[in-house]
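Please read the structure below before turning to the comments.
Just so we're on the same page: letters track the sequence lines, and every chain starts at 1.
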Amino acid sequence: MNLDLRIPMGLLFLIVGAILTVFGALTRGSAIYVHSNGLDINLIWGLVMFVFGAIMFFLGRAGDKRAKGKPVEGTNQPLRGGHGHH
Amino acid sequence: MNLTTIDWVIMLLYFVFVLGIGFALKRFMRTSKDFFQAGRSLPAWICGLAFISANLGAQEVIGMGASGAKYGIATSHFYWIGAIPAMIFVGVFMMPFYYGSKARSVPEFLRLRFDEKTRAYNACSFAVMTVFSSGISMYAMARLIQTLHVFDSAFVYFHLPLGWIFHFSILLSALIVLGYIFLGGLTSAIYNEVLQFFLIVAGFAPLVWVGLRNVGGWNGLKASLPVAYTHSWRGMTNPHHNPLGVEWFGLSFGLAFVLSFGYWCTDFLVIQTAMASDSEESARRVPLIAAIPKMFFPFLVILPGLIAIATPALTAHAMARTAMHGSAAAGAANDPAKYGKGLIPAKVDPVSGKIMTDERGQPLLDYDLAIPNMLLYYFPTGILGLGLTALLASFMSGMAGNVTAFNTVWTYDLYQSYIHKNASDAHYLRMGRWATVGGILLSMATAYAAMGFNNIMDTLQLVFSFVNAPLFATFLLGMFWKRTTGHGAFTGLVSGTLAAIVHHGLTLPTDAHPGMHGGWIAVVHLYPSEMAQNFWTAIWAFSVNFIVTVVISLMTKPREESELVGLVYSLTPKPVEHHMAWYARPKVIAVGLIAMLVALNLIFK
């Protein structure tokens with residue numbers, strides 16, 4: 001039904017991923033990474049989350065379009081915004 | 001703890017998104033079915049992830065980390081044989097009855113299969129339990145926020161008294177959970193459980209990665225821990241030879257069969273997510289999909305406990321940053337970090353501020369701080385915000401699952417059945433929303449009761465375990481033996497619970513004194529550990545329930561077979577699988593899962 005969870009979830013991961021990536025890029029080599037063996041975990045994990053978020057978001061959008069393209073029950077008409085829409 | 005703006009932003013984003021999802025779902029909540037059952041329209045993968053997430057509350061995460069630090073990889077038994085076989089069973093065999101019977105809740109299934117009194121007994125005990133569990137979650141979250149000083153800097157900034165942090169945490173979690181369930185019902189709760197699942201993975205995977213790197217990988221970890229820590233089956237022939245203090249029979253019958261099947265196959269908290277899926281086929285796949293990540297969760301939640309113990313000696317600075325709670329004035333002799341092990345500090349008495357010791361004068365360790373301290377130690381600001389968000393998210397989704405289970409059972413099984421029968425659907429939808437408010441208020445009351453009387457909570461949890469222990473026998477007989485009668489089921493359930501109480505009153509773990517831990521009637525048997533006692537209490541409760549149900553059923557009149565179609569295995573057409581692709585068939589997935597389970601146990605034997 002209704003809202004495809006992948007869209008808001010993808011967005012959340014995209015935003016958090018972007019924040020961590022930028023913050024990680026700005027703090028490269030900083031003393032805050034002492035306990036992670038000098039690994040810039042913000043940058044690396046930010047990128048991972050960003051990519052995951054992007055995949056989720058686009059899958060969700062694609063699924064949403066497909067769902068809207070399905071015919072309305074009891075008619076032969078596809079809903080607005082479906083595949084046949086130009 | 002030094003949280004910076006970036007940590008706050010990440011936490012705030014999460015709150016905005018969960019409430020946003022609730023608002024976005026509000027317009028779809030037109031009928032009570034939409035609200036209580038998510039319209040029975042969600043895809044299997046979403047329900048599958050929610051199925052394990054509903055169980056993955058923060059107490060579970062923190063408890064498993066603690067247990068990992070205390071017992072080692074043997075804790076995985078709770079995830080492997082203590083969950084997977086039951087999840088397979090409920091998916092392959094039981095789901096067709098739950099979903100196919102059109103029951104809207106587990107107690108309602110009991111009414112369809114047995115009778116009104118069995119349903120009423122189950123619905124009442126379950127409703128009370130959900131409210132208390134959600135309250136305990138709330139309390140634990142507020143305590144953790146206090147202990148870790150999460151909100152301290154914000155409170156100082158706004159010149160607010162630090163004593164309000166506990167109340168603020170309770171109120172905040174209550175309002176957020178209330179907000180998103182009130183708006184979006186079960187769909188909202190399930191969506192947030194899935195979100196929490198991914199947040200836990202996103203927050204804990206890098207923790208394990210960085211932690212393992214720091215202790216020299218898996219081999220380094222093995223080298224720095226006692227042998228028993230990295231083997232799950234070693235010494236299981238004798239309860240005195242393994243850290244859990246149980247033997248293989250108690251483990252495989254008590255945990256893997258009675259307790260695990262009793263939970264995964266009958267607890268509406270998890271079953272409600274499967275019943276929300278869009279078809280019976282999906283519903284059957286839900287627990288099977290859930291079993292895959294479940295199998296690998298020990299690496300995310302138990303391994304950090306082991307790493308916390310193995311993390312080499314710390315600098316004073318790090319421990320001061322991670323392990324301070326109210327002992328600043330106590331001086332070095334009372335420094336919990338100094339008497340701790342790895343990242344785990346010694347336990348501090350909250351009243352006297354002194355380090356707690358066992359009978360031999362050894363300091364007790366505060367294992368519950370394993371996971372929080374891992375986050376604080378290994379994560380720099382930025383990803384620390386993500387880790388804390390994951391933890392807060394799991395507290396809230398633990399609460400949410402309980403609250404949605406409560407509002408459904410209250411509205412359908414108690415209100416509609418016994419208080420107000422033939423009202424309009426809109427009326428029950430409204431009642432569901434108000435039951436959510438009521439459930440949250442009762443949870444808050446429970447959280448405050450827990451603050452005042454810690455023993456009451458322990459007693460309640462003990463009582464719940466008595467009520468839950470015999471449950472599976474009733475479902476097993478009800479679904480697979482058509483001769484089982486309502487009188488048999490009800491008498492069996494009550495006798496099973498009584499058996500659990502009597503067994504607890506007659507036995508005691510070796511290191512405990514008679515009282516809360518057992519032996520309050522007389523001590524006729526000693527168990528090597530509390531875990532062994534729990535497993536055997538369950539075994540007794542199950543067996544007594546099973547026997548009494550069979551005997552009473554044989555003495556009472558069974559129902560007509562025609563009334564039991566769709567409720568009993570032998571009278572229900574078997575679900576057809578041949579139209580599905582081979583890899584999508586529940587039985588094929590089940591075989592694959594068992595193979596993976598065996599492989600994991602062999603690798604970590």
ask   = Which of residues 50-60 of chain A get closer than 4.5 angstrom to chain B, counting heavy atoms alone?
value = A:Phe52, A:Met56
message = With a 4.5 angstrom heavy-atom cut-off, is it the side chain or the backbone of B:Leu386 that approaches chain A, or both, or neither?
response = side chain
task = Could you pull out the closest heavy-atom pair between B:Pro380 and A:Asn42, with the gap in Å?
result = CG-ND2, 4.1 Å
key: Other residues, nucleotides, ligands: >12 heavy atoms within 6.0 Å of B:Phe296 CZ   = yes
query = Just by modelled atom types, is the B:Gly203 backbone N or O under 3.5 Å from a matching donor or acceptor in the A:Trp45 side chain?
reply = no
note = Greatest number of non-hydrogen atom pairs under 4.5 angstrom with chain A, of B:Ile46, B:Thr381, B:Thr389, falls to B:Thr381
request  = With a 4.5 Å heavy-atom cut-off (strictly below), which parts of residues 10-18 of chain B touch chain A? List them by number.
outcome  = B:Ile10, B:Leu13, B:Tyr14, B:Phe17
ask   = Excluding sequence neighbours, so at least two apart, what forms salt bridge (charged side-chain N to carboxylate O under 4.0 Å, His left out) with B:Arg104?
value = B:Glu108
remark   = Separation between OG1 (B:Thr5) and CZ (A:Phe23), nearest 0.5 Å, reads 9.0 Å
query = How many angstroms lie between CD1 in A:Ile19 and CD1 in B:Ile383, if you round to the nearest 0.5 Å?
reply = 13.0 Å
message = Can you tell me how far apart CG (A:Leu3) and NZ (B:Lys26) are? Round to the nearest 0.5 Å.
response = 15.0 Å
message = Quick one, B:Ile21 and A:Leu5 - any side-chain contact, counting heavy atoms below 4.5 Å?
response = yes
ask   = Can you name the residues of residues 6-14 of chain A that have some heavy atom under 4.5 Å away from a heavy atom in chain B?
value = A:Arg6, A:Pro8, A:Met9, A:Leu11, A:Leu12, A:Phe13
